[in-house]
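Atom set for the values below is all heavy atoms of this structure, side chains included, hydrogens, waters and symmetry mates excluded. Residue numbering restarts at 1 for every chain, and letters A, B, ... go by the order of the sequence lines.
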Amino acid sequence: MPELPEVETVRRGLATWVVGRTIAGVDVGHPRAVRRHPAGPADFAAALTGRTVLAACRRGKYLWLPLDSGDALIGHLGMSGQMLLRPESAADEIHLRIRFRFTDDGPELRFVDQRTFGGLAVSPGGATLPGEISHIALDPLDPSFVDDEFVAALRRRRTEVKRALLDQTLVSGVGNIYADEALWRARLHGARPTSSLTRPAASGLLSHVREVLTEAICAGGTSFDSLYVNVNGESGYFDRSLGVYGRESEPCLRCGAPIRREHFMNRSSYSCPRCQRRPRRRLSPSIKDK
DNA sequence: CCTCATTCCTGCGGGC
DNA sequence: TGCCCGCAGGAATGAG
C-alpha cells in the first residue's frame with residue numbers, strides 16, 4: 001500500500017544511498033519482478049551492469065533512477081514492494097526478488113516484494129521521463145501541477161469523486177488510504193458525483209489532498225500493516241494521524257459519530273456518516289435523454 | 001475517448 | 001489443530 005508519501009520516503013533514501021554509485025552486478029531471483037521489462041531478466045541485468053546512477057526521481061507512485069547510459073531504472077512498489085539497503089553479509093529476505101551489487105564497499109540494494117504486484121524495468125532513453133509512465137498524471141506536489149486544470153478535469157468527469165482520486169491518469173500518487181483521509185477532511189462522501197462538485201469544493205478537496213500527502217511525508221509515511229518501510233527497514237508513523245482509515249466503529253475525531261466502513265471498488269472505504277453525507281441520488285448521467 | 005470490471009499475488013486472521 | 005475463505009489492494013488490460 002505504498003502511496004505517494006511512502007514512495008517519496010523511499011526516493012529520498014535512494015537519493016542519499018544510491019545516487020552516484022556504479023552498479024557492479026544484478027541478480028534477478030524472481031522473473032515476475034521484471035515482467036515489465038519485455039526483453040527479460042538477462043537483458044535487464046546487462047542494461048544496468050556498469051551503469052552509474054545519476055538521480056532519484058518520482059512521479060506519483062512511480063520511481064525512476066536516471067543512468068549515465070541515458071536509460072533509467074524504473075520501478076513501482078505495488079502493494080508490498082520494498083527497496084532496502086543492506087550489507088552484503090545480511091541474510092537474504094524471504095521475498096528478495098532482485099539484488100543490486102555496487103562497485104564500492106557500500107551496502108547492496110535489494111528489491112523485496114511479498115505480493116509481487118511491484119516490479120522494476122529498464123526504460124530505454126527514459127532518463128528524463130520514462131515512456132512507461134507518460135500516461136501518469138502529475139502529482140499534486142509536482143511544481144508543474146496546475147490546480148485549475150485539475151479542478152476543471154475533475155468536474156468534467158462523469159464518475160464518483162473517490163474513483164477520480166484513485167485514477168492515476170487524472171492525478172497521481174493518491175491511493176485508498178489518502179483518498180479516504182482527504183475526503184474526510186473535505187467532508188465529502190466518496191460516492192459524490194464529480195460533476196456535482198462546485199469549483200470551490202473541488203479546489204478545497206485538492207488542498208486537503210495536498211495537505212495530507214505533505215503531512216504524511218513529514219511522518220515518514222504510513223505503515224498500516226508494517227509491510228511498508230524506508231530503505232533502512234524503518235516504519236513511518238503517519239498511521240497515528242489517520243482520521244478515518246482503519247477506524248471502523250471508532251468515534252469520528254470531529255463529531256464523535258462512529259466511523260463507517262463500506263465496500264467500494266473491491267476495497268474498503270472509511271468515512272464519517274455525519275460529516276460525509278451520502279449523495280441523495282446515484283450517478284445517472286443521461287436519464288433525461290430517455 | 002471514457003468508464004468500469006477483471007486479473008495478477010501471498011500472508012494473515014477469522015470462522016468452523 | 002487445521003483448513004478454507006475473505007481480505008489487503010495498484011495498475012494494466014480489455015470490454016462496452
* Structure fact -> The nucleotide from B:dC4, C:dA8, C:dA11 with an atom nearest the side chain of A:Ser268 is C:dA8
* **Contact summary for A:Arg58 and A:Leu63, nearest pair of heavy atoms** => CB-CD2, 4.3 Å
* Asked: OP1 or OP2 of B:dC4 less than 4.0 angstrom from a side-chain nitrogen or oxygen of A:Thr159, does that happen here?
  -> yes
* Please report, rounded to the nearest Å, how far the P atom of B:dC4 is from the CG atom of A:Leu170. => 13 Å
* Asked: Atom CZ of A:Phe117 and atom P of C:dA8: how far apart are they, to the nearest Å?
  -> 13 Å
* To the nearest angstrom, how far is A:Glu93 atom CD from B:dT10 atom C1'? -> 17 Å
* **Salt-bridge contact A:Glu6-A:Lys61 (side-chain N to carboxylate O under 4.0 Å)** => no
* Asked: At under 4.0 Å, does any side-chain N or O of A:Arg156 touch on OP1 or OP2 of B:dC1?
  -> no
* Do side-chain atoms of A:Thr214 reach the backbone of A:Arg210 as a donor and acceptor pair under 3.5 angstrom? -> yes
* **Nearest-nucleotide pick for A:Arg115, side chain only, options being B:dC8, B:dT3, C:dA8** => C:dA8
* Any idea which of B:dT10, C:dA11, B:dC4 is nearest the A:Arg163 side chain? -> B:dC4
* To do: For A:His30, report the nucleic acid contact type (base, sugar-phosphate, nothing); a contact means any heavy atom under 4.0 Å.
  => nothing
* To do: Let me see the working for A:His189 and A:Glu262 under side chain to side chain donor-acceptor pair (under 3.5 Å), right down to the final yes or no.
  => CA-CA 11 Å; A:His189 192 282; A:Glu262 298 169 294; 3.2 Å; yes
* Asked: From the list C:dA8, B:dA5, B:dG11, which nucleotide is the closest neighbour of the side chain of A:His263?
  -> C:dA8
* Considering only C:dA8, C:dA11, B:dC9, which nucleotide approaches the side chain of A:Thr116 most closely? -> B:dC9
* Asked: Contact class for A:Phe264 vs. all strands (heavy atom < 4.0 Å): base, sugar-phosphate, or nothing?
  -> nothing
* Atom-to-atom span, CZ of A:Arg97 to P of B:dC9 - whole angstrom -> 11 Å
* Asked: NE2 of A:His95 versus P of B:dC9: gap in Å, rounded?
  -> 15 Å
* **Atom-pair distance (CZ on A:Arg32; P on C:dA11), nearest Å** => 14 Å
* Asked: Any side-chain N or O of A:Arg35 less than 4.0 Å from the OP1 or OP2 oxygen of C:dA12?
  -> no
* Structure fact -> side-chain contact (heavy atoms from CB on, under 4.5 Å) with A:Tyr270: of A:Glu248, A:Arg247, A:Gln276, only one passes, and it is A:Glu248
* **Side-chain N,O (A:Tyr178) to OP1/OP2 (C:dG10) below 4.0 Å** => no
* **Closest listed nucleotide, where the reference is the side chain of A:His76 and the choices are C:dG10, B:dG11, C:dC7** => C:dG10
* Taking only the side-chain heavy atoms of A:Arg158 (C-beta and beyond), determine which of B:dT10, B:dC8, B:dT3 contains the nearest atom. => B:dT3
* Asked: A:Leu77 has an atom CG; how far is it from atom P of C:dG10, in whole Å?
  -> 12 Å
* **A:Glu3 CD - C:dG10 P separation (whole Å)** => 6 Å
* So is A:Arg11 actually on top of A:Trp64's ring, under 6.0 Å and inside 45° of the axis? -> no
* Reckon A:Gln168 has a side-chain N or O less than 4.0 Å from the OP1 or OP2 of C:dA11? -> yes
